[in-house]
Amino acid sequence: MSEPAKQPVERKSLDDRNRMTELERLRHSSAHIMAAAVLRLWPEAMLDIGPPTEEGFYYDFDLPNHRFTPEDFPAIEAEMKKITKENHVFEKSLKTREEALAWFQSHNQKFKVERLGDIPEGEAISFFQSGEFTDLCAGPHVMRTGNVKAFKLLRVASAYYRGNEKNPQLQRLYGTAFPNKIELEAWLVAQEEAKKRDHRKIGREMELFTFDEDVGPGLPLWMPNGTVLIEELEKLAKETEFAAGYVRVRTPHLARESMYKLSGHLPYYADSMFPPMEMAETAEGVDLTQKKERYYLKAMNCPHHHKIFSAVPRSYRDLPLRLAEYGTCYRYEQSGELMGLMRVRSMQMNDAHIYCTPEQFADEFRAVNDMYLKYFKIFGLGKYLMRFSTHDPARLGQKFVNEPELWKQTEDMVRRVLQESGIEYIEVPNEAAFYGPKIDVQVWSVAGREFTIATNQVDFAVPRRFGLVYTTRENKDATPLCIHRAPLGTHERFIGFLIEHYAGNFPLWMAPEQVRVLPITDQQNDYARQIVAEYRAHGVRATLDGSSDKIGGKIRRAEVDKVNTMFIVGQKEQEAGAVAVRRHGKGDQGVKPNAEVLNALLEEIQQRA
RNA sequence: GCCAACUUAGCUCAGUGGUAGAGCAAUGGUUUUGUAAACCAUCGGUCGUCGGUUCAAAUCCGACAGUUGGCUCCA
């Protein structure tokens, strides 16, 4: 998998800012109003910057003698309200560098002085003033503070100055704003709804997974219902990959230090790996104080797979070789980065490595891409973005391996595949892995968080480090290209995402409990048991509700449990050899002969519809 | 890792220094019921852990652990 790619912190050009949407403009103005309100309440506050974001806006403050808490929000909001009532004009003005500097120094705004230094020589230095509040700002803004009619402060957090963890942290106030109160209200309601879909909440309610302090942070325990999801996903992946000519391998969860030195992950990636197990075998047994042997838990599967490639001589006739494994990896993520299933320390990856010749590359890459699209269709995944990360020619030999020809060749091929398939993508220079370009697939959880859920990377460097070769038609040695791909990402993140995507209402083929049979009275218990046995014999996950509740209670519990399909059976159904079908969230589907229902469900499961 | 908040029964939450509470769930019984909650009873907690202050701590203080919101980093 990829090395961490640094997001370049770039100042947006004036042109970019002018492209601000109307909503962003409103929110940016709201940030100014919030800063002005904070200055009225805490005149000693030092300001950094206040841009619009996807959900609203924020402004960063340094205020050593006061910690913002949500209790401050009403006072700040009231002051903001006052400022909107005062209806100041947002007035733009230009200052010379000296004037700007003098202004901020006299107002004791040291961050603004530093930000001033970022503006290239010769570029206009523009200010926006609304009432008594003046800010270094390229704009644009709404006309007047009174145009901001609906806003709300959301939370307070801290953020490193300029996003660099070496810098001190500022207090960041987050808020949001909308053109009117109705839209704001609707957004707040939608946020509440999104909370109900949180995978951590549904995971607990549906008993999909759990965490335990004694097991360790970021180490999920998959409960029986969650394990069903995992196994269904694996079944899908194995079928799909088998049809696409993959072969499966299995590798250990750890390896000696020497392999990670060979791969280049050590010492570079060491921070992200669990610390090594160190020991020596002596006549008395294992001595942990000696450090002769060092084993690491694997943080990626690539090196193990490379070793399988190199285990036997390979010919061009063997290529492409597609080695697939649901490999378990361990990454020592920083404690603060952990988040439910979306960010964990042990993960199972839908991994595969495709070794191919340069001539085969485009077809292989296209096939991988098609596999992504096939999966997205199965899961009804509409909103995603392909991020195509390329290298920066200026940094060849430093951040990127010095193979200008291979970079150009593979990037051109990837670009062509993307264009031909008509997929929406953005190209991000300077974010490739050191060994080649990559495509990450970003999706958005219902809560609006953005996640990279799948990845597809080209590697023309590491196979060489491992000395991987195949014999060409001309009977010469050549290094294969390698495609790392993980269309279903990791079980942890993918299932975390699916839980929120479906709000726990999984399609029949995945549903942990596909069918629950609800007898109306005890008289039907035997008939119900018979049905359960019949469906289980066909591989359908069916259970019986043998409780003493009335039918309304049984239905309610099955709905709450998000059981996909309910069979209600009373005397009528028993006599007719039928079941009354009810689907989760869809209500009564009518009484049908049992055999017909069984066939229809089996068909639906088969189709993964 | 950093900043902040939080941690009471399986779950959701009350309880601000004086004998631990509710609803749901669970268990037992009664009920035999036709498409989102039948009735009664019972069980269930060293109040995250360890230490401190106090006659007395769920409550005040400290350390640690975990979780959450952000930052940094990523599948």
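Lettering follows sequence order; numbering is per chain, from 1. As the structure is a prediction and not an experimental result, all values here were calculated from the model.
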Electrostatic pair A:Asp526:A:Arg529 at N-O distance under 4.0 angstrom:
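Salt bridge present between A:Asp526 and A:Arg529.
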Using atom [atom1] of [X] as one end and atom [atom2] of [N] as the other, report the distance to the nearest whole Å.
X: A:Met342; N: B:rG69; atom1: CE; atom2: P; answer: 12 Å
X: A:Glu337; N: B:rU67; atom1: CD; atom2: C1'; answer: 16 Å
X: A:Asp48; N: B:rC71; atom1: CG; atom2: P; answer: 15 Å
X: A:Phe61; N: B:rC3; atom1: CZ; atom2: C1'; answer: 16 Å
X: A:Asp549; N: B:rA26; atom1: CG; atom2: C1'; answer: 13 Å

For RNA chain B, which residues of residues 556-564 of chain A approach it to below 4.0 angstrom with any heavy atom?
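Those residues are A:Arg556, A:Glu559.
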What nucleic acid atoms does A:Val344 come within less than 4.0 Å of, heavy atoms only: base, sugar-phosphate, or nothing?
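It contacts base atoms.
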With sugar-phosphate meaning primed atoms plus P, OP1 and OP2, does A:Lys572 contact a base, only sugar-phosphate, or nothing at under 4.0 Å between heavy atoms?
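Result for A:Lys572 = base.
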In the 5'-to-3' direction, what one-character label does each nucleotide of nucleotides 39-46 of chain B receive under the scheme B = base within less than 4.0 Å of a protein heavy atom, S = sugar-phosphate only, - = no such atom?
--------
Can you tell me if [X] touches the phosphate of [N], counting only side-chain N or O atoms and a distance under 4.0 Å to OP1 or OP2?
X: A:Arg67; N: B:rA4; value: yes
X: A:Tyr174; N: B:rC71; value: yes
X: A:Arg155; N: B:rG70; value: yes

Just compare [options] and give me whichever is closest to any side-chain atom of [X].
X: A:Arg493; options: B:rA36, B:rA75, B:rU72; answer: B:rA75
X: A:Glu165; options: B:rU33, B:rA36, B:rU72; answer: B:rU72
X: A:Thr521; options: B:rA36, B:rU32, B:rG34; answer: B:rU32

Who pairs with B:rC60 - Watson-Crick or G-U, where each distance is under 3.5 Å
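Base-paired to B:rG52.
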Pairing nucleotide - B:rC39, Watson-Crick or G-U, each distance under 3.5 Å:
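B:rG29 - that is the nucleotide pairing with B:rC39, both distances being under 3.5 Å.
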Pull out every protein N or O sitting under 3.5 Å from an N or O of nucleotides 59-66 of chain B, one pair per line with the distance.
from   : atom 1 : to       : atom 2 : distance (Å)
B:rA65 : O2'    : A:Glu213 : OE1    : 2.9

A:Arg516 and side chain to side chain contact (heavy atoms under 4.5 Å, CB included): which partner among A:Asn564, A:Thr565, A:Asp561, A:Val532?
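Testing A:Arg516 for a side chain to side chain contact (heavy atoms under 4.5 Å, CB included) against A:Asn564, A:Thr565, A:Asp561, A:Val532 leaves exactly one candidate, A:Asp561.
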